[in-house]
Structures are given as C-alpha cells and as structure tokens.
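All values below were derived from every heavy atom in this structure, side-chain atoms included, with hydrogens, water molecules and symmetry-related copies excluded. Each chain gets a letter, A, B and so on, in the order its sequence line appears, and its residues count up from 1.
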2 protein chains.
Amino acid sequence: MPTEICVDCPVREHALCSSLNDEGVIAFTGLCQRRCVTAGETVMWAGDESRICANLVSGVLKMVAATADGREQIVGLFYPADFVGEPYAEEHAFTVTALTNAELCTVQRRPFEHFLEEHARMENLLLQRTLRALKEARGRMLSLARLSAGEKVAGLLIDMAARAERCVRRPGLDHPVTFDLPMTRGHMADVLGMTIETVSRQLTKLKGAGVLALSGNRTVTIKDAHALRAWAAAR
Amino acid sequence: MPTEICVDCPVREHALCSSLNDEGVIAFTGLCQRRCVTAGETVMWAGDESRICANLVSGVLKMVAATADGREQIVGLFYPADFVGEPYAEEHAFTVTALTNAELCTVQRRPFEHFLEEHARMENLLLQRTLRALKEARGRMLSLARLSAGEKVAGLLIDMAARAERCVRRPGLDHPVTFDLPMTRGHMADVLGMTIETVSRQLTKLKGAGVLALSGNRTVTIKDAHALRAWAAAR
DNA sequence: CTGTTGCCTTGATCTGAAACAAGGACCCGG
DNA sequence: CCGGGTCCTTGTTTCAGATCAAGGCAACAG
C-alpha cells in the first residue's frame, strides 16, 4: 500500500509513479522528498551539478536557456505530473525556475538512475515522455524560426486555452471560452522568442479583430475560436 | 558471434547495438534489414504511419518540420550511428530525407519496441540518447530565437568543424583547419532559420574579416579559430 | 491619501534580415 | 563547344519586429 506521502497525491495517476505497483511505490517513496518552492524561486541552476530530479506535483515551472550576454529563451514549461531534471547528465544545461508557487517530489539523481534499472516500466514511461518532449521541442523550433509574431501569439493562446479547458471542461474549443493566462506578457515573449511590446501589440490586434476579449491583464475570452485558428495558421 | 550483416558494420561500436552482447546482436540482426537510399530520397514522411525505425550506418539525413503553407525548418540532422525514428508514436511528425547517399539498418517499429522490453541495456541507451537529443534541441531553440545571423553561422561552422575534425584528427580546434561542409548553403539556411542569401553574406563577411578562407563552394579553412568563437558568442 | 512598484499599452523610430533581382561559376550531357 | 542545370554571390528595396520612450493602471505600503 502506498505510503502516506502518496495517498493524497494529486498527480499519483499521471506522474511517472503511475508505472509502479504498490510495492514499487513504497520503494520509490523511500527515495523521495517533498519540497515547496515559491514563485520566482529557482530549482536548478544551469552549470550546477545535476544532483536532483523531480516530479512536479503542483504549480508551473519554466526552463530557461540564456546566452553569455543575458538574452533568454524559455525552452520548456512544466505542469503538474511532468518530470523535471536531467538524469545521466553531470550538470544542468538550463535553469529551472518556478512561475507560481509549486510543490515538487524530488529524488537524488544517482539513486533515481539506479531505481530505473530495477523498474523497467518506469524507465519505459520516462523514455516515452522524453520522446514526446523531443517531438514538442522540434515543433517549437519550427515555430520560433518560421512563424510570424501573429501566428506565434495565436498558437500560444490556443495551447493555453486547451490546457486551461482540460482542467475545467471537456475538450472542444468552440464558442466563447474564458480563462486566465498562466503567465505574464514577459513570459509569453520569452516563450515565443519575441519582445513584450510585440506580444502586447498582437493581443491588441486580436482584440481589435473581435477574436478575443481581454479584461484585466490576465483574463482572456476567446470569442471566435475559428478565427483564432485561422490566425495561427496564416498570419 | 555476430551475424554476417554486422561483422563489418562501421558503426557497430557506436550505434544502439553497442549495448548488446553477442547473443543480443544475433537476435537483433534477425529483426534488421539493410537499406540503401540515394541523396534526396525521403525515408519517412510526416503524417505517414510510423512503421520503421533505423540506425544510420553511413551518410547524413535531415529531419524537416514544415508549416501548412510550405515554410520549412530542419529540426535535426542525423550522422552515422545515430538512431532515427519515432518509437511509441502512431505516425511520423516530421519528414526525414537523405542529404547524401546513405545506408540504414531498419527495424519494424513494433518488433523493435518489443525487443527493447527484453533488452534493458538497449532501452537505457536509447533513453540516454533521447535525453541528449532533447538537450540539443533546446539549445537550438535558444539559437533560433535569440542569436543574430552572424552568431548562428559562426556557431554552425564551429559545430561542423568539430564533427569533421573528430573524423580525421584529434580534437582541439586551434590553428588552421580545413574541411568540407557537409551541406549546401540552402541546408545551412534551413538549419539556422534564415535565408540562403543571409548565410552567404555572413560567410563573405567572415572571409573578409580574415577568419575563414573559402575555396570552391564546399571547402572551408578556419584561419582564426579564436576569432570565430568570438564571432559566435557576440556578433 | 500618496508615493512606489510591477505590469501593460501605445507611439515613434530604427534596423537586421527577408524579398526581389541579376548575374557568375561550375558541372554535365549531348 | 554549347545549352541548361544547380548552386552561390552580390546589389537594392522593403518590412516586421526590435528598440527607445512615455504614460496608464492596479495593488500595496506607509
């Protein structure tokens, strides 16, 4: 039977742990440690020794790549149940920072690698997730390199809406949908490889075209999902 | 003892197969089939069912992502010993095409997935390689989104020189090094998210600055590796 | 109530790279 | 030797998005 730390875990069915039987969960729990971080706190620093990995329990994290002179690019976002960290790497290549308050279930990297050896189903699930993350990263390379500002913003809105929807409603992105952006304009710019000003202008343009309504800085209503998709594909 | 197909395999020590003992190699060989492709031939089509995976034996392949209206971005290059394909995916997300004549050692996807289950060391090696590919893809996201044309070209030259060097000489990228570019200007542009013209102009600029010498379309001499690195980091 | 701070919008200007256009070098087949 | 590819370079023009600059607005502390 799973130990106490896990019984009320909100991501028990979705995180890597879902690959384990009760016995496995008990063994894994012995290696894990819960950790809470506050918004803005950095969990892993690029260049530091890769000592821990983690399953994200709640909150949102960003992974940031940076040039020597300080230009930054968000190269990954992590949501609850996602796996974070770089097993088999000696040091972290990127910095991981909390966008919101967050809760992590951390494991030491070495013991985790060893644990994988003995739990093939978890290793396999990690492989499948890594392959999916790789596919997603490649898709984003296309987007960063070849889409216009308008396409990028529209695409990101669709992604975020889908993710927000999945939490509250069944899928199907049609007819007015209202949700809160999980990030600031600045973070959107960092994800899309643009500047804050350009993101803001594109949102204003979308509003002017009657595709969106904006209220406050964070709340968005998609008034015309069809038009938004067209915008994402062609503008 | 490995079967005939493998005894003279040039990547036997570097491909996924290196994780197998002789027994494993024999079993794996039973699933494999050699296939030769000519430059320009497409090996996997985006949208097609994912039916095969492969180890690249010789040659170079590109993986291309494309928008609906035809804009393209190379999201990965494959060199000998690299693993190509999308296990656990129902269909290919990207198109893979040979840049040069190439030789592949192909496996049916399903039997391969099944084989992995029974050969944990190969699965683990694939996991490690996938993690490394993911890290590389993320690094390229930074480059695509935030570097200038000059930085991108200089960086790619350094990468290609390092890869060429590794084949002929010991590492150490100092003092004049001459090598052949493994791709056209057009491919460089597709990798870097730019146009042919801009690539060409940057090379001309590098030549003018005395950092490079160009002879013919493909042959490059790095005359000042230090300056080239500076160019990659700052221009 | 007021000053501060963080986040967002909007306007004006600038600029790097794309787009467009023309021509050169090389290769190959006939 | 010629004609037609393919690939590369170079010049000119154009434009999307960056940069610079100025406020607006809400939340919050004092």
Side-chain angles (χ1 to χ4, degrees), chain A residues 38-40 62 67 69-73 99-100 142-157 180-209 212-220 231 234-235, chain B residues 38-40 62 67 69-73 97 99-100 143-157 180-209 212-220 231 234-235:
Chain A
T38 59
K62 65 173 177 178
T67 61
D69 64 341
R71 285 166 286 176
E72 291 193 349
Q73 175 65 38
L99 249 28
T100 65
L142 173 64
S143 150
L144 286 170
R146 302 295 185 185
L147 297 194
S148 69
E151 289 170 324
K152 286 178 184 177
V153 170
L156 182 60
L157 284 170
D180 273 15
L181 300 175
M183 59 183 95
T184 66
R185 301 288 184 275
H187 288 131
M188 292 176 65
D190 282 351
V191 169
L192 299 176
M194 335 189 321
T195 58
I196 291 179
E197 294 95 320
T198 303
V199 172
S200 178
R201 275 186 248 271
Q202 293 301 326
L203 287 173
T204 305
K205 206 175 286 184
L206 253 357
K207 188 172 81 176
L212 299 180
L214 302 170
S215 78
N217 286 339
R218 294 298 190 100
T219 307
V220 174
W231 205 279
R235 194 134 304 250
Chain B
T38 59
K62 65 172 177 178
T67 61
D69 64 341
R71 285 167 285 176
E72 291 193 349
Q73 175 64 38
T97 303
L99 249 29
T100 64
S143 149
L144 287 170
R146 302 297 186 184
L147 297 193
S148 68
E151 290 170 324
K152 287 179 184 177
V153 170
L156 182 60
L157 284 170
D180 273 15
L181 300 176
M183 59 183 97
T184 67
R185 302 286 185 274
H187 289 132
M188 291 176 65
D190 283 351
V191 169
L192 299 175
M194 331 189 323
T195 58
I196 292 180
E197 295 94 319
T198 304
V199 172
S200 177
R201 274 184 248 273
Q202 293 301 326
L203 288 173
T204 305
K205 205 175 285 183
L206 252 358
K207 188 172 82 177
L212 299 180
L214 302 171
S215 75
N217 285 339
R218 294 299 189 98
T219 308
V220 174
W231 204 279
R235 194 135 304 246

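Closest to the side chain of A/S148, out of D/dG17, C/dA17, D/dT9, is D/dG17. Distances from the side chain of B/T198 to the nucleotides D/dG17, D/dT9, C/dA18 place C/dA18 closest. For B/N217, whose side chain is taken as the heavy atoms from C-beta onward, the closest listed nucleotide among C/dA19, C/dT10, D/dC7 is D/dC7. The side chain of A/S200 lies closest to C/dT10, out of D/dG17, C/dT10, D/dT10. The side chain of B/M194 lies closest to C/dA18, out of C/dT9, C/dA18, C/dT10. Nearest nucleotide to the side chain of A/A149, out of C/dA18, D/dG17, C/dC8: D/dG17.
Following rounding to the nearest Å, A/I196 (CD1) and D/dA18 (C1') show an atom-to-atom distance of 13 Å. Atom-to-atom, CG of B/L147 to P of D/dA18 comes out at 14 Å; the value is rounded to the nearest Å. Note: CG (B/L214) to P (D/dC7) measures 18 Å, nearest angstrom. In this structure, A/L144 places its CG atom 20 Å from P of D/dA16, rounding to the nearest Å. Atoms CG (A/L206) and C1' (C/dT9) sit 15 Å apart, rounded to a whole Å. Here C/dC8 presents its C1' atom at 14 Å from NE2 of A/H187, a figure rounded to the nearest Å. Atom NZ in A/K207 sits roughly 7 Å away from atom P in C/dT9 (whole-Å rounding). Regarding B/K152, its NZ atom lies at a distance of 7 Å from the P atom of C/dA18, rounded to whole Å.
Residue whose closest nucleotide on DNA chain D sits further toward the 5' end, between A/E197 and B/R201: B/R201. Sequence order on DNA chain C of the closest nucleotides to A/R146 and A/G216 puts A/G216 first from the 5' end.
Closest heavy-atom contact between B/G193 and B/K152: O-NZ, 3.9 Å. Nearest heavy atoms, B/N217 versus B/L181: O-CD1, 4.2 Å.
Residue B/T195 places none of its side-chain N or O atoms closer than 4.0 Å to OP1 or OP2 of C/dA17. Distances shown here put every side-chain N or O of B/T184 at or beyond 4.0 Å from the OP1 or OP2 atom of D/dC7.
When atom types are taken as modelled, the side chain of B/E151 and the backbone of B/W231 share no donor-acceptor pair closer than 3.5 angstrom.
In summary, A/R146 and B/D190 engage in a salt bridge, as defined by a charged side-chain N under 4.0 Å from a carboxylate O.
Note that CE of B/M194 and CZ of B/R201 are 10.5 Å apart. Values are rounded to the nearest 0.5 Å.
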